[in-house]
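In this text, all values refer to a predicted model and were calculated from it rather than measured experimentally. Residue numbering restarts at 1 for every chain, and letters A, B, ... go by the order of the sequence lines.
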Amino acid sequence: MERRANQFNFASYHTLEEIYDWMDTLVADHPNLVSKIQIGESYEKRPLYVLKFSTGGSNRPAVWLDTGIHSREWVTQATGVWTANKLAEDYGHDPTVTSLLDTVDIFFEIVTNPDGYAFTHSSNRLWRKTRSINAGSSCIGVDPNRNWDAGFGDAGSSSNPCSETYHGPYAHSESEVKSIVDFIKSHGNVKALISIHSYSQMLMFPYGYKRTPAPDHEELNELAKKAVSDLAAVYGTKYTYGSIADTIYLAAGTTVDWAYENGVKYSYTFELRDTGRYGFLLPSSQIIPTATETWPALLDILVHVQQHPY
Amino acid sequence: EQLFVGDQVLRVVASSEEQIALLRALGEQVELQVDFWRDPTKPGRPADLRVPFSRLQAVKIFLESHGISYSIMIEDVQQLLDEEKRTMMLSRR
């Protein structure tokens with residue numbers, strides 16, 4: 001049966017297969033804007049798909065977006081689906097999105113940890129990590145947000161494979177992480193990276209592994225301030241913002257620190273909402289409100305990137 | 001399939017750096033199987049931890065004996081999971 005991307009139920013949670021099927025539908029509906037590329041395979045050999053939003057050009061400045069690196073944070077994958085659809089639907093209709101995509105490419109990995117996500121649907125809804133086997137331990141998986149080569153193994157990550165913040169045997173040991181590293185390095189023109197988590201209502205930027213302010217701290221902070229203000233204007237959801245180390249605690253080996261240290265100036269990580277009653281079990285009725293309020297904040301960052309080339 | 005019947009999520013508010021250190025130490029005790037959903041960060045900011053039913057008493061005694069205030073954020077994790085599954089099934093139909 002032929003389906004269209006906008007007939008998908010964005011207000012429900014979906015399995016990995018449903019999300020991967022939907023990606024194909026989105027590509028089919030917007031063939032001149034969206035394509036699907038595979039950047040690698042997960043530990044359990046699932047494809048790692050990225051949606052590429054591009055209106056042409058050659059190796060344009062690009063933005064990397066990812067959701068769902070922690071698999072149990074279901075509202076992030078759901079927000080990823082909604083946001084990707086929004087980008088596609090608004091192109092050619094909304095002047096801001098149109099102008100953005102006329103100059104900037106967006107790469108969007110919606111299910112960054114597919115093994116973990118599939119596992120949350122089949123066996124353990126509260127699984128956070130990858131599903132790789134750890135030599136010498138009966139505990140499975142590595143925290144992919146402690147596995148990056150930026151202060152790898154330092155404070156805020158664990159050397160215990162049974163811990164939820166286990167950093168893994170070495171930096172980029174997880175194919176889910178290595179595939180992104182290889183992709184961003186080989187692209188060479190990624191100007192922003194936004195990694196989306198839940199559920200602490202925060203917008204953060206480097207550094208996480210050290211307390212030293214990033215060289216671009218002031219600009220990143222001002223942009224974060226504007227973004228959370230615009231987010232709050234939608235439903236009044238209050239976010240805190242700042243460097244990871246100042247806002248939560250020292251956390252080594254994170255995505256955004258690696259990106260920043262590898263030349264991606266605009267590196268941010270969102271912690272999307274919860275009202276404090278459900279945590280990772282946020283009811284599906286809150287997917288669209290969450291995605292809707294996140295959109296203006298995301299757009300603030302994207303537009304800033306477009307207007308501040310470097 | 002792992003079930004979470006009777007597991008609770010506790011919302012804990014530490015009032016000092018000392019209490020935050022205690023909470024982090026709690027998380028390091030593998031036998032208690034505490035799963036931090038929201039990590040302890042700063043005094044006054046909430047931390048959320050899922051505690052298996054079989055360890056609830058021990059964890060609550062730990063919190064109370066150190067004067068760390070908490071409330072029950074989720075009474076029974078499995079009930080919420082069942083509800084989530086029902087919603088997905090309905091949506092799929």
Side-chain angles (χ1 to χ4, degrees), chain A residues 8-15 18 70 72-75 78 119-129 137 139 155-156 158-165 197-202 204 240 242 244-251 271 274-287, chain B residues 1-5 7-14 17 20-21 23-52 70-93:
Chain A
F8 186 82
N9 184 0
F10 295 99
S12 177
Y13 292 116
H14 295 275
T15 62
E18 288 167 347
H70 286 151
R72 65 189 179 182
E73 297 166 7
W74 275 16
V75 76
F119 198 67
T120 63
H121 282 272
S122 65
S123 305
N124 181 345
R125 169 66 182 83
L126 298 173
W127 192 259
R128 163 187 168 105
K129 301 189 283 184
S137 172
C139 291
S158 175
S159 56
N160 178 358
C162 299
S163 165
E164 295 286 6
T165 53
H197 292 247
S198 69
Y199 73 104
S200 304
Q201 297 179 189
M202 296 167 171
M204 296 177 289
T240 52
I244 295 171
D246 287 346
T247 310
I248 48 170
Y249 51 81
L250 284 169
E271 286 276 352
D274 179 34
T275 52
R277 297 184 60 185
Y278 300 103
F280 303 121
L281 308 177
L282 195 66
S284 55
S285 58
Q286 290 197 37
I287 293 171
Chain B
E1 181 178 10
Q2 184 164 347
L3 300 176
F4 297 87
V5 179
D7 288 14
Q8 292 188 344
V9 180
L10 306 181
R11 169 148 289 195
V12 180
V13 182
E17 291 290 348
I20 286 171
L23 285 174
R24 290 193 180 136
L26 181 74
E28 291 296 308
Q29 294 183 44
V30 177
E31 69 278 7
L32 289 178
Q33 298 170 31
V34 167
D35 171 18
F36 276 101
W37 282 17
R38 188 199 297 246
D39 290 289
T41 54
K42 289 175 182 164
R45 285 217 185 131
D48 298 332
L49 50 154
R50 181 182 61 80
V51 186
Y70 71 90
S71 57
I72 298 171
M73 179 175 139
I74 297 176
E75 281 275 350
D76 184 339
V77 173
Q78 191 58 47
Q79 275 184 14
L80 273 184
L81 294 178
D82 293 343
E83 182 60 34
E84 189 178 67
K85 267 190 180 169
R86 262 196 300 276
T87 312
M88 283 183 73
M89 289 285 275
L90 277 173
S91 166
R92 213 161 288 154
R93 273 185 211 154

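- Interface residue W74(A): only side-chain heavy atoms are found under 4.5 Å from chain B.
- In plain terms, the two heavy atoms of R45(B) and T247(A) that are nearest each other are NH1-O, 2.8 Å.
- Chosen from K42(B), Q2(B), R38(B), the residue pairing most often with chain A at heavy-atom distances under 4.5 Å is R38(B).
- To the nearest 0.5 Å, atoms OG (S91(B)) and CZ (F8(A)) are separated by 8.5 Å.
- Of all the listed residues (D39(B), V30(B), V9(B)), the one sharing the greatest number of non-hydrogen pairs under 4.5 Å with chain A is D39(B).
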Evaluate the side-chain contact (heavy atoms from CB on, under 4.5 Å) criterion for residues D274(A) and M73(B): first the C-alpha distance (whole Å), next the side-chain angles of each, then the deciding distance (0.1 Å), finally the verdict. CA-CA 12 Å; D274(A) 179 34; M73(B) 179 175 139; 4.2 Å; yes
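- For the residue pair I74(B) and Y278(A), the shortest heavy atom distance occurs at CD1-O, 3.6 Å.
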Derivation of the side-chain contact (heavy atoms from CB on, under 4.5 Å) call for L126(A) and W37(B): CA-CA 10 Å; L126(A) 298 173; W37(B) 282 17; 3.6 Å; yes
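- Only the side chain of R11(B) comes within contact range of chain A, with heavy atoms under 4.5 Å apart.
- Highest contact tally toward chain A, considering only L81(B), T87(B), L3(B), is held by L81(B) [criterion: heavy-atom pairs under 4.5 Å].
- Residues forming a salt bridge (Lys or Arg N to Asp or Glu O under 4.0 Å) with E1(B) (at least two apart in sequence, or on another chain): K85(B).
- A pairwise comparison of heavy atoms in Y13(A) and E84(B) identifies CE1-OE2, 4.1 Å as the closest pair.
- Pairing each heavy atom of R72(A) with each of D35(B), the nearest pair is NH1-OD2, 2.8 Å.
- Heavy-atom pairs under 4.5 Å with chain B peak, among H14(A), R277(A), E164(A), at R277(A).
- Electrostatic pairing of E18(A) and R92(B) counts as a salt bridge here, judged by a charged N lying under 4.0 Å from a carboxylate O.
- Counting heavy-atom pairs closer than 4.5 Å to chain B, the top residue among S12(A), S123(A), S163(A) is S123(A).
- Of the atoms belonging to F4(B), it is side-chain heavy atoms, and not backbone ones, that fall under 4.5 Å from chain A.
- Of the atoms belonging to P40(B), it is backbone heavy atoms, and not side-chain ones, that fall under 4.5 Å from chain A.
- A cation-pi arrangement is not found for R50(B) relative to F280(A), the charged atom failing to lie both closer than 6.0 Å to the ring centre and inside a 45° cone about the ring normal.
- Of the atoms belonging to R128(A), not a single heavy atom falls under 4.5 Å from chain B.
- No part of S285(A) comes within reach of chain B, as not one of its non-hydrogen atoms sits under 4.5 angstrom from that chain.
- Contacts between S200(A) and chain B at a heavy-atom distance below 4.5 Å involve backbone atoms as well as side-chain atoms.
- Proximity to chain B (any heavy atom under 4.5 Å) is shown, for Y199(A), by both the backbone and the side chain.
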